[in-house]
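Heads up, the thing below is written out as structure tokens.
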Amino acid sequence: MKQEQVNLRQLVMDMLLAVTVSNENRPPEYSHVIIRDVLNKYNYLSGQEKAFMKRLFEGTLERMIELDYCLDQYSKVKVQKMKPVIRTIMRMSVYQILYMDAVPDSAACNEAVKLAGKKGFATLKGFVNGVLRTIARNKDQIPYPDKEKDYELYLSITYSMPMWIVTMWIKQLGKERTEEVLKGLLIEHPVTIRVREQDAAKLEKALQSQGGILEKHPYLPYAYRISKTDDISRLPGYEDGAFVIQDVSSMLAIEALEMKQGMKILDICAAPGGKSMLAADKLQGTGEVEARDISEYKVTLMQENFERCNLHNVKAVCKDAVVMDESWIGQADIVIADVPCSGLGVIGKKRDIKYKMNPDAIKDIIALQEQILDKAVSYVKPYGLLLFSTCTINKEENEAHAELLQNKYHMTPVSLDDTLPEVLHSETTKQGYLQLLPGIHDTDGFFISVFQKKDND
């Protein structure tokens, strides 16, 4: 069967439109879902073509605020007044001019003009060409905001982060640390895997034959970074459960818990199931882990993963974490509550989060978190443990809830110094919590805290 010819830039344009534009029929798509689906559909493309497409799509999304700023410096029609197709073509073309050295500026401009004509905007070809060529000529002297005069605006444009997030982080983390985090979110984020078999040599050899790279992560002996490969599920050992895709921050959350064989563990917001699987592995086939999620689809995927990894002491169950389950009250040795959050810690991988999240949505999320934690505390047996974690960087979602668990529910913080790697020890780990920060730690942004219930109160 003959494979269809693909215009890569048009494909990227369609992907960007799906993520950034909503209409009456559907909300915007999620970037990580779009890239996964497109790579599966066009799996016959060469590695080079897939890498170009992925880089252009993710880079344009990641740098969108900066790209809009640059366009507004040189275009009489401001970005927000442009038609969505033209706006998208302009953004991805400026990204090529500023960030893709392998693409000649002339090619970025010419392909943009062709694409505008192809999409029915022949009358705007001159406009597209003129603005892009002006930016290409001036790309080394674009007038960025002055760092001394307006530090927040400088950070927002330079690191393409919405102003409200910059303002919040400066207030919570301080100026220098905020800039470190913003830098950390823009560096490449290789996929991390947890190798379940002791010998990773076979996997490394298979990767090398495809031009891929496997390297040990410094924090945990079974954690590895994997890069230069576009389909991890095709690697030898994946189908047998020799390794699972999981971020190191998620692994560290389970490492923070002291587990003993035979324990009864409840993971109340478990999808995609990485923590539940690591917990089940640590129990070495004993005890039981119940992994819950509100989505039947995600529960099915979790159960498939558990079976792929030949794990018999963990099961996936569809349940809503805000609804009390009387049968589990006081029954769990450990409750894992990795609650829904704003996701600001994983912007480096899910680049559209920063455009979709807003302060009002965070207020709703905080209320949901409190409802879930109220139930989670009830399930912990006397002297049992509660892991409370999120993948965000926001004290109102994290530290404020850690205080709530102490003050309202009388939970006792457990020092993380006995369980986490020494390189991560700090003043806060002694107090029972750790805020992981990209650019400072070698992980996503992630909050980990552990509490013990002292009695039935």
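Please read all numbers here as calculations on a predicted model, not as lab measurements.
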Residues Tyr222, Leu278; criterion side-chain contact (heavy atoms from CB on, under 4.5 Å); working and verdict: CA-CA 11 Å; Tyr222 51 73; Leu278 179 50; 3.7 Å; yes

Less than 6.0 angstrom from the centroid, inside 45 degrees of the normal: does Lys356 satisfy that with respect to the ring of Tyr30?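 Yes, cation above the ring, under 6.0 Å and within 45°.
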
Go through it in stages, so that I can follow the logic: the residues are Tyr154 and Tyr144, the test is ring-ring contact (aromatic ring centres under 6.0 Å, His included), and I'd like the CA-CA distance, side-chain angles, deciding distance and then a yes or no. CA-CA 7 Å; Tyr154 161 80; Tyr144 282 88; 8.4 Å; no

I need the [X] [atom1] to [Y] [atom2] distance, nearest 0.5 Å.
X: Cys341; Y: Ile353; atom1: SG; atom2: CD1; answer: 8.0 Å
X: Ile448; Y: Leu420; atom1: CD1; atom2: CG; answer: 6.0 Å
X: Arg292; Y: Ile268; atom1: CZ; atom2: CD1; answer: 8.0 Å
X: Ser93; Y: Leu132; atom1: OG; atom2: CG; answer: 5.0 Å
X: Leu387; Y: Leu257; atom1: CG; atom2: CG; answer: 5.0 Å
X: Tyr69; Y: Ile142; atom1: OH; atom2: CD1; answer: 9.0 Å

Verify whether one side chain among [X] and [Y] offers a donor that lies under 3.5 Å from an acceptor in the other.
X: Tyr95; Y: Arg55; result: yes
X: Tyr99; Y: Arg63; result: yes
X: Glu152; Y: Thr167; result: yes
X: Gln435; Y: Thr428; result: no

Would you say that [X] contacts [Y] through its side chain, given a criterion of any heavy-atom pair below 4.5 Å between the two side chains?
X: Ser31; Y: Leu61; answer: yes
X: Met13; Y: Leu16; answer: no
X: Ile336; Y: Ile254; answer: yes
X: Pro438; Y: Ile393; answer: yes
X: Leu185; Y: Met161; answer: yes
X: Phe306; Y: Met302; answer: yes
X: Leu252; Y: Leu220; answer: yes
X: Pro190; Y: Ile226; answer: no

Tell me whether [X] is salt-bridged to [Y], with the criterion being a basic N under 4.0 Å from an acidic carboxylate O.
X: Lys282; Y: Glu255; result: yes
X: Arg225; Y: Asp442; result: yes
X: Glu58; Y: Arg351; result: yes

Donor-acceptor contact below 3.5 Å, side chain [X] vs main chain [Y]:
X: Thr158; Y: Leu155; value: no
X: Arg9; Y: Ile89; value: no
X: Asn138; Y: Thr134; value: yes
X: His217; Y: Tyr219; value: yes

I need the minimum non-hydrogen distance between [X] and [Y], along with the two atoms involved.
X: Asn305; Y: Pro272; value: ND2-O, 4.3 Å
X: Ile372; Y: Pro340; value: CD1-CD, 3.5 Å
X: Arg87; Y: Met82; value: NH1-O, 3.1 Å
X: Ser342; Y: Thr392; value: OG-OG1, 2.6 Å
X: Phe446; Y: Ser389; value: CE2-CB, 3.7 Å
X: Ile35; Y: Met15; value: CD1-CE, 3.5 Å

Crowding at [atom1], [X] (>12 non-hydrogen neighbours, <6.0 Å):
X: Lys216; atom1: NZ; value: yes
X: Lys315; atom1: NZ; value: no
X: Lys83; atom1: NZ; value: no
X: Glu296; atom1: CD; value: no

Show, in sequence, the C-alpha distance, side-chain angles and deciding distance for Ser46 and Glu49, and conclude whether the side-chain hydrogen bond (donor to acceptor under 3.5 Å, both in side chains) test is met. CA-CA 5 Å; Ser46 70; Glu49 288 171 319; 3.2 Å; yes

Check: Phe388 ring centre within less than 6.0 Å of Phe447 ring centre: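 Yes - the distance between ring centres of Phe388 and Phe447 falls below the 6.0 Å cut-off.
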
From CA spacing to verdict: side-chain contact (heavy atoms from CB on, under 4.5 Å), Leu8, Leu56: CA-CA 9 Å; Leu8 295 178; Leu56 182 53; over 6 Å; no

Take Lys139 and Asp105, measure what salt bridge (Lys or Arg N to Asp or Glu O under 4.0 Å) needs, and give me the verdict at the end. CA-CA 10 Å; Lys139 65 180 178 181; Asp105 293 346; 3.0 Å; yes

side-chain contact (heavy atoms from CB on, under 4.5 Å) between Leu405 and His401: does it pass, once the steps are laid out? CA-CA 6 Å; Leu405 287 167; His401 283 136; 5.6 Å; no

Arg91 pairs by side chain to side chain donor-acceptor pair (under 3.5 Å) with which of Thr20, Thr60, Asp68?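 So the option named by the test is Asp68.
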
Going by the side chain to side chain donor-acceptor pair (under 3.5 Å) test, which pairs reach into residues 171-195, not counting sequence neighbours? Tyr151-Glu179, Tyr159-Glu179, Gln172-Asn394, Arg194-Gln246, Arg194-Asp281

Is there a side-chain contact (heavy atoms from CB on, under 4.5 Å) between Glu396 and Ile366 once you walk through the steps? CA-CA 8 Å; Glu396 289 183 9; Ile366 288 170; 3.7 Å; yes

Quiz: residues 114-130 side-chain donor-acceptor pairs under 3.5 angstrom, not counting sequence neighbours:
residue: Lys114; atom: NZ; partner: Glu111; partner atom: OE2; Å: 3.3
residue: Lys118; atom: NZ; partner: Gln10; partner atom: OE1; Å: 3.1
residue: Asn129; atom: OD1; partner: Arg133; partner atom: NE; Å: 2.7

Qualifying residue for salt bridge (Lys or Arg N to Asp or Glu O under 4.0 Å) with Lys275, from Asp267, Asp338, Asp247, Asp293: Asp338

